[in-house]
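The chain is numbered in sequence order, starting from 1. The structure presented is a predicted model; accordingly, all values stated were derived computationally and were not measured.
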Amino acid sequence: MAMNYIWDLLIKAEDEGLSKKDIYFHLAEVYSPYMELSPQLLNAQDIEQHVEVNPYYRYYEIFNNLFHPDNTTNIEFRDYLFDIALHFLAEIDRMQGMNKREFFIRFILKEIEANVFGNLVRDNIHAFTKKEQEIVVLNMLRLYQTGEEIYLLKDTLKRLFKHCIIYVKSEEQDELLLYIPQKQTEQNQRKVQLVQEIFLPIGFHIEVYWQYHFGIMGAEETMKLDRIVLY
């Protein structure tokens with residue numbers, strides 16, 4: 001599906017890891033009166049950093065005098081102003097289209113970037129994709145509402161790491177065993193560290209096992225040679 005609006009393009013750019021600052025809006029030299037964006041290929045899906053826009057499609061009253069053909073002075077300044085104005089209008093579009101859930105997600109992410117939750121959370125949130133960040137933030141909101149730390153710890157990990165398993169070793173020792181059937185990469189470690197920092201109750205300890213499961217007597221699938229770790 002082709003993108004037709006400036007807010008649509010910014011959302012997709014963020015999904016692909018680009019910042020809003022990476023996108024520059026320019027007045028299109030040739031454009032359709034029925035479209036806001038003017039890509040060279042009508043059904044283009046790739047995000048380009050320099051985007052041509054037909055500002056008169058929705059914002060005629062704002063831009064009708066900015067680029068009058070008879071005005072050939074201060075072109076560079078007007079281009080700069082044009083880019084800033086369209087970024088501002090795109091943010092208004094997005095705010096108007098946001099529901100309560102999306103508002104809270106953006107609010108918490110801004111709080112994380114402002115270091116409200118500490119250095120570890122601020123630095124490690126960038127290891128997550130946008131969808132993974134939403135998983136974490138929504139469970140943070142649920143944590144404030146319910147206080148169910150262990151349940152939300154398990155729920156968050158299972159959503160982030162498919163087929164992971166969490167064991168409660170002993171209620172008295174307050175220890176959890178986490179098995180993740182993935183390689184122990186730096187990015188995955190940062191994700192687990194952040195989840196622990198937010199959801200692991202004070203006094204609890206969690207032991208993480210990567211790729212290979214620890215052996216459990218009576219469970220043959222966990223007792224295979226070369227595919228087992230010792231606890």
Side-chain angles (χ1 to χ4, degrees), residues 1-119 121-134 136-138 140 187 190 194:
M1 184 177 179
M3 296 170 290
N4 188 34
Y5 299 100
I6 51 177
W7 58 266
D8 189 20
L9 182 137
L10 289 182
I11 289 174
K12 184 168 183 181
E14 289 180 5
D15 287 341
E16 296 187 4
L18 293 172
S19 168
K20 290 179 290 186
K21 297 179 181 179
D22 296 326
I23 305 298
Y24 301 91
F25 294 115
H26 304 278
L27 177 68
E29 295 183 5
V30 179
Y31 55 82
S32 166
Y34 307 107
M35 296 180 63
E36 188 160 274
L37 301 182
S38 299
Q40 291 184 350
L41 298 176
L42 187 60
N43 294 315
Q45 295 296 317
D46 295 333
I47 299 298
E48 297 182 356
Q49 290 185 249
H50 292 271
V51 182
E52 292 193 346
V53 181
N54 168 17
Y56 311 117
Y57 180 69
R58 287 193 297 156
Y59 305 115
Y60 177 81
E61 295 297 327
I62 298 175
F63 295 106
N64 65 329
N65 291 319
L66 184 61
F67 292 99
H68 194 280
D70 294 335
N71 188 351
T72 58
T73 61
N74 300 318
I75 297 296
E76 184 176 347
F77 171 75
R78 283 185 288 153
D79 287 339
Y80 181 73
L81 180 62
F82 180 78
D83 179 57
I84 292 177
L86 280 179
H87 274 281
F88 180 71
L89 291 168
E91 283 301 306
I92 292 177
D93 276 344
R94 294 179 65 176
M95 292 295 291
Q96 289 178 337
M98 285 173 59
N99 56 32
K100 187 176 181 181
R101 172 179 172 274
E102 292 168 331
F103 175 82
F104 281 133
I105 288 173
R106 293 185 66 180
F107 177 80
I108 294 295
L109 288 174
K110 285 183 179 180
E111 293 286 275
I112 289 173
E113 290 291 346
N115 210 24
V116 172
F117 298 94
N119 292 337
V121 176
R122 180 196 62 191
D123 296 339
N124 287 354
I125 194 66
H126 301 293
F128 296 78
T129 66
K130 183 179 179 182
K131 290 183 179 180
E132 289 173 337
Q133 289 179 1
E134 291 181 0
V136 173
V137 170
L138 287 174
M140 289 174 67
Q187 185 177 25
R190 292 174 63 190
L194 182 143

Please name the pair of heavy atoms, one in Val30 and one in Glu52, separated by the smallest distance, quoted to 0.1 Å.
O-OE1, 4.5 Å
Which word best sums up how the rings of Phe103 and Phe107 line up, parallel for under 30°, tilted for 30 to 60°, or perpendicular for over 60°?
parallel
Backbone N/O of Glu36 and side chain of Arg58: donor-acceptor pair under 3.5 Å:
no
Once rounded to the nearest 0.5 Å, what's the spacing between atom CG of Asp8 and atom CZ of Arg94?
10.0 Å
Using 30° and 60° as the class boundaries, would you call the ring planes of Tyr24 and His50 parallel, tilted or perpendicular?
parallel
Before you tell me yes or no, could you show the steps for Val53 and Leu27 under side chain to side chain contact (heavy atoms under 4.5 Å, CB included), namely the whole-Å CA-CA distance, both residues' side-chain angles and the distance that decides it to 0.1 Å?
CA-CA 5 Å; Val53 181; Leu27 177 68; over 6 Å; no
One should read off an interatomic distance between Arg122 CZ and Ile112 CD1, to the nearest 0.5 angstrom, of 11.5 Å
Between Leu10 and Phe25, does a side chain to side chain contact (heavy atoms under 4.5 Å, CB included) hold up when you go through it step by step?
CA-CA 11 Å; Leu10 289 182; Phe25 294 115; 4.2 Å; yes
Any donor and acceptor pair, going by atom type alone, linking the side chain of Glu14 with main-chain N or O of Lys20 inside 3.5 Å?
no
Side-chain (Asn54) to main-chain (Ala28) donor-acceptor, under 3.5 angstrom
no
Ignoring hydrogens and angles, tell me if any N or O in the side chain of Arg190 forms a donor-acceptor pair with the backbone of Phe128 under 3.5 Å.
no
Check this for me: Glu29, atom CD, are more than 12 non-hydrogen atoms of other residues, nucleotides or ligands nearer than 6.0 Å?
no
Should Leu89 and Tyr59 be marked as a side chain to side chain contact (heavy atoms under 4.5 Å, CB included) after you check the CA-CA gap, both sets of side-chain angles, and the distance that decides it?
CA-CA 9 Å; Leu89 291 168; Tyr59 305 115; 3.9 Å; yes
Does the Asp83 side chain pair with the main chain of Tyr80, one donor and one acceptor, at a distance under 3.5 Å?
no
Among Tyr57, Phe82, Tyr56, find the one that has a ring pair (Phe, Tyr, Trp, His ring centres under 6.0 Å) with Phe63.
Phe82
Rounded at 0.5 Å granularity, tell me how far NE2 in His126 sits from CD in Gln187.
12.5 Å
Pairwise distance CG(Leu194) to CD1(Ile125) - rounded to 0.5 angstrom:
5.0 Å
What's the separation between atom NE2 in His87 and atom CD in Glu91, rounded to the nearest 0.5 Å?
9.0 Å
Which value, rounded to the nearest 0.5 Å, describes the distance between Glu48 atom CD and Leu18 atom CG?
11.5 Å
Taking all non-hydrogen atoms of both residues into account, name the closest pair between Met140 and Ile108 and its distance.
CE-CG2, 3.9 Å
